Amino acid sequence: MPDGSFSHPQQRQFNPYTENGGTILAIAGKDFSVIAGDTRQSEGYSIQTRYAPKVFRLTDRAVLAVNGFAADGNMFVKKVQQRLEWYRHAHAKDMPLGAIARLIQTMLYGRRFFPYYVYNILGGIEEDGTGAVYSFDPVGSYEREACRAAGAAQSLVQPFLDNQIYFKNQQAPAGQSHPLHLPLSDVLAIVIDSFTSATERHIEVGDGLEIYVVLTKGRPTQDLEGYRGVKELTTRPDGDRVFLIQRELKKD
Amino acid sequence: MDHFPLSWGRPRNDALDAFNTYPMHKRPTHHDTFADGVQRTQQPIVTGTSVLAIKYKDGIMMAADTLASYGSLARFKSIQRLHTVGSSTVLGASGDLSDFQYIQSLMEDLIIEEHTAGDHHELGPAEIHEYLAQVLYSRRTKMDPLWNSLVVGGRKDSKNFLAYVDLLGTTYSSSSIATGYGAYIAVPLLRNAVDGRENTLTEEEARKIIVDCMRVLFYRDARSLNKFQISTVTDAGVTISEPIQLETTWSFAEGIRGYGAQTQ
């Protein structure tokens with residue numbers, strides 16, 4: 001027909017997204033930050049690999065955890081790292097944590113109409129030396145928090161953190177108040193318990209656990225020394241320090 | 001297709017519309033005649049089924065059968081789906097085979113480009129895999145995917161490399177990888193045989209594992225063929241075998257009752 005009523009919309013069936021499972025988690029302390037993720041990558045009921053890292057050291061004071069569609073996640077981390085390198089070349093220093101958070105929000109929102117299907121959690125040390133966690137949605141909405149879980153087992157882990165970190169539904173002993181910040185050893189115990197529990201109950205979580213610990217400049221490290229297999233990843237002396245703890249999780 | 005001649009974008013012709021019965025202001029504005037005909041997002045047409053690959057002591061081993069299917073029709077029975085790239089990499093493909101042939105031409109261009117640089121550096125399997133991952137991811141981002149699951153294997157500087165990339169740009173590496181039906185049927189067998197033994201398995205043992213998996217796949221995957229090739233990459237370089245014919249047993253079928261029109 002001349003009025004163009006034959007020009008029906010075409011059906012496209014290619015779906016450019018998939019979901020690759022796994023869970024990430026970050027908790028901020030007074031002078032440290034812990035960022036963790038499991039290492040399983042899956043699609044549907046198939047485990048593609050038992051070791052695909054989801055947590056990345058960006059600088060000596062910033063660590064980024066990425067969860068969702070793995071191809072988008074890897075591409076996004078690659079682009080963030082590239083922007084941080086350009087910043088280093090331009091300013092001869094690492095980008096501060098709050099600035100990285102804002103950079104991530106603009107990069108995510110830049111793809112508002114074809115989003116990176118990825119949930120980001122950024123952890124590290126703020127310029128004032130406090131531990132910080134920033135969490136993002138796929139299009140860039142973000143806020144600074146004390147703790148956040150994301151990914152396949154978010155619905156299992158976040159309520160546990162609300163209870164253990166924010167003391168939700170807990171009564172403080174008479175005449176006392178809940179602590180504002182937990183010590184590192186307690187936080188590490190909570191992280192490890194979160195992942196062993198999520199592994200028990202969620203089929204997409206398991207295989208391996210990578211825990212990054214960022215310590216503020218000058219902080220003593222003796223509460224990390226008890227952990228087996230701690231590796232230091234710091235590149236420069238006299239600054240904030242990054243450590244990695246690798247653990248096994250159940251593989252079934 | 002718009003069959004009305006005046007909509008074809010030609011100047012007004014008195015022979016067609018001598019009395020101007022179809023006034024200019026009522027004509028549809030010209031639009032792209034091919035708009036509906038241009039299809040970027042396709043579907044796979046001629047396809048290859050599983051690719052299997054494992055790491056072993058001296059390198060990596062990969063296998064794929066030689067069938068190219070057209071839907072359920074076994075259309076071409078002697079198509080090679082393993083491809084050598086450079087001198088230390090082999091590339092195996094399942095999915096659309098015309099897209100794979102395009103990828104083969106990309107690989108040839110890439111190797112020539114790198115050769116003409118004359119710096120005596122050669123792309124290894126890790127570089128080839130990264131390149132393919134970027135190509136496949138950018139094509140999916142353009143909503144014009146290359147409809148393949150690819151396995152890249154190789155050995156360079158005495159380091160084994162084995163990784164996967166697919167039409168979405170999803171990547172991973174593992175000591176055993178299988179695409180397609182192989183991901184369901186062969187992966188459990190491969191992991192059982194390979195995990196933790198990547199550095200002790202001999203070539204004969206690796207070959208036995210691969211051949212056993214190809215046999216299981218031929219019994220269970222309706223789009224497979226009992227004719228396949230095995231490729232190895234070791235310090236000595238890349239080899240791709242001549243097609244191997246599987247010996248299979250069907251005498252047990254004699255005793256099966258209950259699937260079809262048997263009288264008893």
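Treat the numbers as computed from the prediction; the structure is a model and nothing was measured. Here is the naming used below: chain letters follow the sequence lines, and residue numbers restart at 1 for every chain.
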Engineer: Assess whether atom OH of B:Tyr184 is packed by more than 12 heavy atoms of other residues, nucleotides or ligands within 6.0 Å.
Structural biologist: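 Open.
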Engineer: Would you indicate whether A:Arg88, at its atom CZ, is surrounded by more than 12 heavy atoms from other residues, nucleotides or ligands within a distance under 6.0 Å?
Structural biologist: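 Yes, CZ of A:Arg88 has more than 12 neighbouring heavy atoms, counting only those of other groups under 6.0 Å.
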Engineer: To check you understand the geometry: which heavy-atom pair defines the closest contact between A:Pro16 and B:Met143, and what is its length?
Structural biologist: CG-SD, 3.7 Å
Engineer: Report yes or no: is the cationic atom of A:Arg50 (NZ for Lys, CZ for Arg) under 6.0 Å from the centre of the six-membered ring of B:Tyr172, at an angle within 45° of the ring normal?
Structural biologist: no
Engineer: Does OH belonging to B:Tyr70 count more than 12 external heavy atoms closer than 6.0 Å?
Structural biologist: no
Engineer: Would you name the heavy atoms of A:Thr49 and B:Arg191 that are closest together and state the gap between them?
Structural biologist: N-NH2, 4.4 Å
Engineer: Got more than 12 heavy atoms from elsewhere within 6.0 Å of OH, A:Tyr142?
Structural biologist: yes
Engineer: If you draw a 6.0 Å radius around CD in A:Glu225, do more than 12 non-hydrogen atoms from other residues or ligands fall strictly inside?
Structural biologist: yes
Engineer: Just wondering, are more than 12 heavy atoms of other shown residues or ligands nearer than 6.0 Å to OH in A:Tyr45?
Structural biologist: no
Engineer: Taking all non-hydrogen atoms of both residues, which atom of B:Arg140 and which atom of A:Asp72 are closest, and how far apart?
Structural biologist: NH2-OD1, 3.0 Å
Engineer: I'd like to know which of B:Thr141, B:Val187, B:Ile177 tops the heavy-atom pair count under 4.5 Å against chain A.
Structural biologist: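 Of the options given, most contacts go to B:Thr141.
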Engineer: Would you check if B:Asp195 and A:Lys251 make a side-chain contact, meaning some heavy-atom pair closer than 4.5 Å?
Structural biologist: no
Engineer: Would you call A:Tyr17 and B:Leu168 a side-chain contact if the rule is heavy atoms closer than 4.5 Å?
Structural biologist: no
Engineer: Looking at A:Ile47, A:Asn20, A:Asn74, which one has more heavy-atom pairs under 4.5 Å with chain B than the rest?
Structural biologist: A:Ile47
Engineer: Using 0.5 Å steps for rounding, measure from the CD atom of A:Gln41 to the OG1 atom of B:Thr171.
Structural biologist: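 Reported value, rounded in 0.5 Å steps: 6.5 Å.
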Engineer: Under the side chain to side chain contact (heavy atoms under 4.5 Å, CB included) rule, what do B:Thr170 and A:Gln48 come out as? Steps first, then yes or no, please.
Structural biologist: CA-CA 10 Å; B:Thr170 307; A:Gln48 293 183 317; 3.9 Å; yes
Engineer: Around atom CZ of A:Arg83, are there more than 12 heavy atoms of other residues, nucleotides or ligands at under 6.0 Å?
Structural biologist: no
Engineer: What distance do A:Phe14 atom CZ and B:Gln43 atom CD have between them, rounded to the nearest 0.5 Å?
Structural biologist: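 One gets 13.5 Å once the value is rounded to the nearest 0.5 Å.
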Engineer: With a 4.5 angstrom heavy-atom cut-off, could you sort out which part of B:Ser173 is near chain A: side chain, backbone, both or neither?
Structural biologist: backbone
